[in-house]
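Below is one structure, written out as structure tokens, with a few remarks after it.
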Amino acid sequence: MALVEMRQVSKTYSTGDENVPALRNLSLQIDAEEFVALIGPSGSGKSTLLSVLGVLNPPDRGEVIIDGFDVYRLSLERRADFRSAYLGFVFQELYLLSHLNALENVLLPQVILKRPLREQHQKAYAALEAVGLKGKEKRFPRQLSGGEQGRVALARAIVNHPPLLLADEPTGSLDSKTGEGIMELLRELNRQGQTIVMVTHNADNLRYVSRTLELRDGELRREDFAAEKPGMGSSV
């Protein structure tokens, strides 16, 4: 069943007197529980596509349907509520707040949902345990390794149990061993039913995904499916 549908989506940026198409009448579907990688050269439209999926960047034309919601027909206030409830974000720049400890950073996405404080803490502790940081909840980012900081960012992204997780170069700033650890976590989340869409330039990351979409000049040029389930020795 399709969790995401993009129908004839176009997006153009204006820079001075020049119009630069970022997406050109792009249509695609992403099923629930898929792990999809977006690849392509710089300027191919990957980041724009991810921001449109993230309900952050309205397209000029077309429809974006997530779990049955035509998201850009929602009011700005309802879009914000939708992002909190339906979407989790992991960025290359982790955007952890240095003056907050791991637990407090993971608590942040729950504020808008107005959960009881006790429930917020329970979910934050559970998310940190899920990414292997049990016992490090009170440590500040400066007291954690780069890989551990990445895990805090991932815990923050999944704490609200969003149906869709969007990852923009999640291993881009990490060494290869630490990056593999983050990809293993993403794969495990996918095995547990998490739908993930990831932008990556790292070909090694493609062995973890179920489908690869290649963009060029704002268009979908190629689509590859994993020969086997991710994690079972497959390659793309």
Quick check against the 3.5 Å criterion: does D60 have a side-chain atom that pairs as donor or acceptor with the backbone of T12? yes
Mind checking the NE2-CG spacing from H201 to D204? Nearest 0.5 Å is all I need. 14.5 Å
Please check this pair: side chain of R24 against backbone of S10, looking for a donor-acceptor N/O pair closer than 3.5 Å. no
For I158 and A127, the nearest pair of non-hydrogen atoms, with its separation, is CG1-CB, 4.4 Å
Closer than 3.5 angstrom, by distance alone: can the side chain of S44 be matched with the main-chain N or O of P41 as a donor-acceptor pair? yes
Mind listing the closest non-hydrogen atom pair of V106 and R156 along with its distance? CG2-N, 4.0 Å
When you group the ILVMFWY residues by side-chain heavy-atom contacts below 4.5 Å and let the links chain together, are V199 and L174 in the same group? no
Q149 versus V152: any side-chain heavy-atom pair under 4.5 Å? no
Is there a side-chain contact between M183 and M198, using heavy atoms and a 4.5 Å cut-off? yes
Give the minimum heavy-atom separation between S27 and L220, together with the two atoms involved. O-CD2, 4.3 Å
What do the steps show when you test L53 against V4 for side-chain contact (heavy atoms from CB on, under 4.5 Å), and what is the final call? CA-CA 8 Å; L53 283 180; V4 174; 3.5 Å; yes
Any donor-acceptor pair under 3.5 Å from K46 side chain to G40 backbone: yes
Would you find a donor on one side and an acceptor on the other, under 3.5 Å apart, between the side chain of R79 and the backbone of L74? yes
Using 30° and 60° as the class limits, which term best fits the ring planes of Y125 and H121: parallel, tilted or perpendicular? tilted
What's the separation between atom CD in Q8 and atom CG in L23, rounded to the nearest 0.5 Å? 12.0 Å
Is L56 reachable from Y95 through a run of hydrophobic residues whose side-chain heavy atoms are each under 4.5 Å from the next? yes
Count the heavy atoms of every other residue, nucleotide or ligand shown that sit under 6.0 Å from CD of E77, and state whether that count exceeds 12. no
Residue pair E63, V9: steps toward the side-chain contact (heavy atoms from CB on, under 4.5 Å) verdict: CA-CA 6 Å; E63 297 175 304; V9 170; 5.9 Å; no
Could you list who else is in L100's hydrophobic cluster, with ILVMFWY side chains joined at under 4.5 Å, directly or through other members? L97, L108
Side chains of L38 and T200 in contact at under 4.5 Å (non-hydrogen atoms): no
Exercise: identify the closest heavy-atom pair between A37 and V209: CB-CG1, 3.9 Å
Is atom CZ of R221 surrounded by more than 12 heavy atoms (other residues, nucleotides or ligands) closer than 6.0 Å? yes
Residues N205, T171; criterion side-chain hydrogen bond (donor to acceptor under 3.5 Å, both in side chains); working and verdict: CA-CA 9 Å; N205 291 344; T171 65; 3.1 Å; yes
If we only count heavy atoms from C-beta on, is the R151 to L185 side-chain gap below 4.5 Å? yes
T195 vs E33, side-chain hydrogen bond (donor to acceptor under 3.5 Å, both in side chains): CA-CA, chis, key distance, verdict: CA-CA 4 Å; T195 307; E33 302 186 15; over 6 Å; no
What are the two closest non-hydrogen atoms of A124 and L107, and how far apart are they? CB-CD2, 3.8 Å
Check step by step if side-chain hydrogen bond (donor to acceptor under 3.5 Å, both in side chains) holds for S84 and D81. CA-CA 5 Å; S84 297; D81 292 339; 5.7 Å; no
Hey, what do you get for CZ (R7) to CG (N25), rounding to the nearest 0.5 Å? 15.0 Å
Can you list, by chain and residue number, the hydrophobic cluster partners of F140 when the side-chain cut-off is 4.5 Å? none
Any donor-acceptor pair under 3.5 Å from R78 side chain to S75 backbone: no
State plainly whether one hydrophobic cluster holds both I66 and V90, where clusters connect Ile, Leu, Val, Met, Phe, Trp and Tyr through side-chain heavy atoms under 4.5 angstrom apart. no
Can you find a heavy atom in the side chain of V71 that is under 4.5 Å from one in the side chain of F82? yes
Rounding to 0.5 Å, atoms CD (Q194) and CD (E34) come to a distance of 13.0 Å
Please step through side-chain contact (heavy atoms from CB on, under 4.5 Å) for the pair S14 and N19, ending with a clear verdict. CA-CA 4 Å; S14 297; N19 291 324; 2.9 Å; yes
Compare all side-chain heavy atoms of L94 with those of P141 and state whether any distance is below 4.5 angstrom. no
Find out if a path of hydrophobic residues (ILVMFWY) with successive side-chain heavy-atom gaps under 4.5 Å connects V36 to I196. no
Euclidean distance, F89 CZ relative to L154 CG, rounded to 0.5 Å: 14.0 Å
Run the numbers on E219 and L26 for side-chain contact (heavy atoms from CB on, under 4.5 Å), then give the verdict. CA-CA 6 Å; E219 298 178 329; L26 191 145; 5.9 Å; no
Does the side chain of Q92 come within less than 4.5 Å of P170's, by heavy atoms? no
So, the side chain of N160 versus the backbone of P109: is there a donor-acceptor pair under 3.5 Å, distance only? yes
Does the side chain of K123 reach to within under 4.5 Å of the side chain of H161, using non-hydrogen atoms? yes
Ion pair E188/R191, N-O distance below 4.0 Å: yes
I'd like to know if the side chain of Y72 reaches the main chain of N57, judged simply by a donor and an acceptor atom lying under 3.5 Å from each other, with no hydrogens or angles considered. yes
Short side-chain to backbone donor-acceptor contact, K138 and A102, under 3.5 Å: no
R187/E184 under salt bridge (charged side-chain N to carboxylate O under 4.0 Å, His left out): CA gap, chis, key distance, verdict: CA-CA 5 Å; R187 176 167 61 184; E184 291 285 354; 2.4 Å; yes
Considering non-hydrogen atoms only, spot the tightest contact between S47 and D168 and give its length. OG-OD2, 3.9 Å
Could you tell me whether F35 and Y208 have their ring centroids closer than 6.0 angstrom? no
Short side-chain to backbone donor-acceptor contact, N190 and L186, under 3.5 Å: no
Test salt bridge (charged side-chain N to carboxylate O under 4.0 Å, His left out) on E137 and R139 and set out the steps. CA-CA 6 Å; E137 298 89 351; R139 295 192 183 182; over 6 Å; no
Nearest-0.5 Å distance that lies between atom CD in E148 and atom CG in L128: 11.0 Å
Is there a path of hydrophobic side-chain contacts, each under 4.5 Å between heavy atoms of I, L, V, M, F, W or Y residues, that connects L189 with F91? no
Stepwise, does the side-chain hydrogen bond (donor to acceptor under 3.5 Å, both in side chains) test hold for R115 with Q110? CA-CA 7 Å; R115 290 189 179 120; Q110 301 186 76; 2.9 Å; yes
